[in-house]
> 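Please read through the structure below; I'll follow up with questions.
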Amino acid sequence: MRPENIRNFSIVAHIDHGKSTLADRILLQTGAISEREFRDQVLDDMDLERERGITIKARAVAIRYQRDNEEYELNLIDTPGHVDFHYEVSRSLAACEGALLLVDATQGVQAQTVANAYLALDGDLAIIPVVNKIDMAAARPEEVAEEMDSTFGFTPEECLPCSAKTGMGVDRIIDAIIEQVPPPPGNPDDKLRALIFDSHFDEFRGVIIYVRLIDGELRKGQRVKMLSTNATYDVTELGQFRPQRRAVDSLSAGQVGYVIASIKDLRDIHIGDTVTDAANPSADRLPGYEEPKPMVYCGIFPTDNDDYDDLRQALLKLSLNDSSFSFEPESNEGLGFGFRCGFLGMLHMEIIAQRLEREEDIDLVQTAPSVTYELGLRDETTISINSPDKVPDPSTIESWSEPIAKVSFITPSDSIGPIMQLCQDRRGKYLRTEYLSQSRTILVYELPLAELIVDVYDRLKSITRGYGTLDYEIIGFQKADLVKMDVMVASEKVDALSTIVHREFAMKRGRRLVQKLKQEIERHMFPIAVQAAIGGKIIARETISALRKNVTAKCYGGDISRKRKLLEKQKEGKKRMKQFGRVEIPQKAFLAVLQME
Ligand code: GDP
Ligand code: MG
């Protein structure tokens, strides 16, 4: 395929604005898939993703399309839409010359619309603005086009209206891709340079890498070299997803495809690396990416210790396909043997935990999340810790630093006051306000990541009745006056409930936490003291009074089905309990630290 007839593009959008639907609609309209296939969303092939509407792994589909007697190759590179997966968006965009910036005609510009638009602008891509869902009664395409104008400077005439659902306006979008996205600039006769923009582990084929050829040609059987590690491999298969995997003999400059080369371990592959010919290598490395570091950690323990090996296997399997997820063994007095796991953010954490329980059928206890801290010690060394139980003796600590996030909120203007209050209460630093339209505003704050992960997202949703969105990026570490807060239940210290808090907020947090725990821990045959302490000093206390009657006694009048339901519910709850000394603590209690006001 000649570079002049190739177009490489992505679709970027806020979550649920219709990216997957539009991708599938483009495949349908260009004949790449059938009507029936359209109905089962083809690009999101993991159950969990379909359910949550999130594409986690970026994928590339090559579409052959005929127009005016010219055959074009349109490579659609799929990107995830969620805030935790920024880096996957930018690495996919690096393989493109253009992007469709999709916005929902009922919702307007949202936090990830803005974040994704900036990623595309940073990558110097041609951007085609698209207003989707115009078939809906609640659509307000003119107003939304105005928001696109005031936020990004796209004129209302530039915004293409469409309905990914009905197909209306989609032909016009395909034309725009051919007319407005520049063809790839590379030279097929130069030395091979290909950018690795994604990879995944296939149970049957091993590592599959996704490449975008910049210069030269890649052939089956060719010996290739990775420029960052100098590792060499023989290409055993290469091809394209159309959308079914189709092997080809060669790919040339500008094209996008997959490579299989007997690579056994995903960790041997560096996203952003340059692939070149081993015998005739190019010396020029393409600009790469920095692998994102996990910023949010939590402990994951099997409820039943016999499941430890199964859990380890399952984590290994997940990490094979997700290099941003990390885990290492951890043991804990109360919880036994488990793993400390690192995630990009809260959603990433939720998805992995759900996947473990659902796909692997392992009951888990998940501890309260924590961020990475940097501690300056008196002996002038610095350590990184990702778990409250790794905090050394306080007398050895000189200073604490914590990760700081720059957070952009997009909110109805009448919610600005409560959101500012929320940020103030979370140690936020106000940066600026921008007006998106008469009724909607962008508010930018710096917030400690530790505060952001507690409940800011949930509070934003409730303050704005669902209309507010946020996006964040980590901008660095800053010194803060932090302390470790321990929790004792019936005089037993429960490590898994320890948290790191700001000294100024410790009292308030401690009090809220013990109150929460009092609600979550069921009454026992004896009274239970729940205490919060800093360095041995009790700062808050609640008592769970003793149980007097059998629970079923609450059901009057012999309503058998209700009694049975209650018993079943108790049994269900049992699975998610952990014994600490004489007290059973439900899994939910470990998340109580998350839900503090
Ligand atoms: P994504 O998260 O951006 O990939 O969004 P999806 O493609 O999964 O779409 C989110 C929801 O919006 C789904 O329920 C789609 O069926 C629906 N949707 C997408 N495009 C349209 C459209 O043009 N019109 C209508 N009415 N619904 C749409
Ligand atoms: Mg999707």
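Just follow the structure's listing: the first ligand is 1, and inside any ligand the first atom is 1.
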> Below 30° counts as parallel, above 60° as perpendicular, anything between as tilted: where do the rings of His14 and His17 land?
tilted

> Atom NZ in Lys406, atom OH in Tyr472: separation rounded to 0.5 Å?
15.0 Å

> Enumerate the atoms of ligand 1 whose separation from the nearest heavy atom of Lys165 is less than 4.0 angstrom.
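That gives atoms 21 (C), 22 (C), 23 (O), 24 (N), 25 (C), 26 (N), 27 (N) of ligand 1.
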
> Which word best sums up how the rings of Tyr210 and Phe197 line up, parallel for under 30°, tilted for 30 to 60°, or perpendicular for over 60°?
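Taking Phe197 first and then Tyr210, their aromatic rings sit tilted (interplane angle of 30° to 60°).
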
> Check each heavy atom of His17 against ligand 1 and say whether those closer than 4.0 Å belong to the side chain, the backbone, both or neither.
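For His17, only backbone atoms sit under 4.0 Å from ligand 1.
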
> Between Gly18 and ligand 1, is there a nitrogen or oxygen pair with a distance under 3.5 Å?
yes

> Under 3.5 Å between any N/O of Ala13 and any N/O of ligand 1: does that happen in this structure?
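N/O-N/O distance under 3.5 Å: no.
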
> Among side-chain atoms of Tyr430 and Gln424, is any donor-acceptor pair under 3.5 angstrom?
no

> What part of Asp135 sits under 4.0 Å from ligand 1 if we count only heavy atoms: the side chain, the backbone, both or neither?
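The part of Asp135 near ligand 1 is the side chain, not the backbone.
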
> Considering only heavy atoms, does Asp16 approach ligand 1 within less than 4.0 Å through its side chain, its backbone, both, or neither?
both

> Would you call Glu402 and Arg427 a salt bridge, taking side-chain N to carboxylate O under 4.0 Å as the test?
yes

> Using a 4.0 Å cut-off to any heavy atom of Thr21, which atoms of ligand 1 qualify?
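Near Thr21, the atoms of ligand 1 are 6 (P), 7 (O), 9 (O), 15 (C), 19 (C), 20 (N).
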
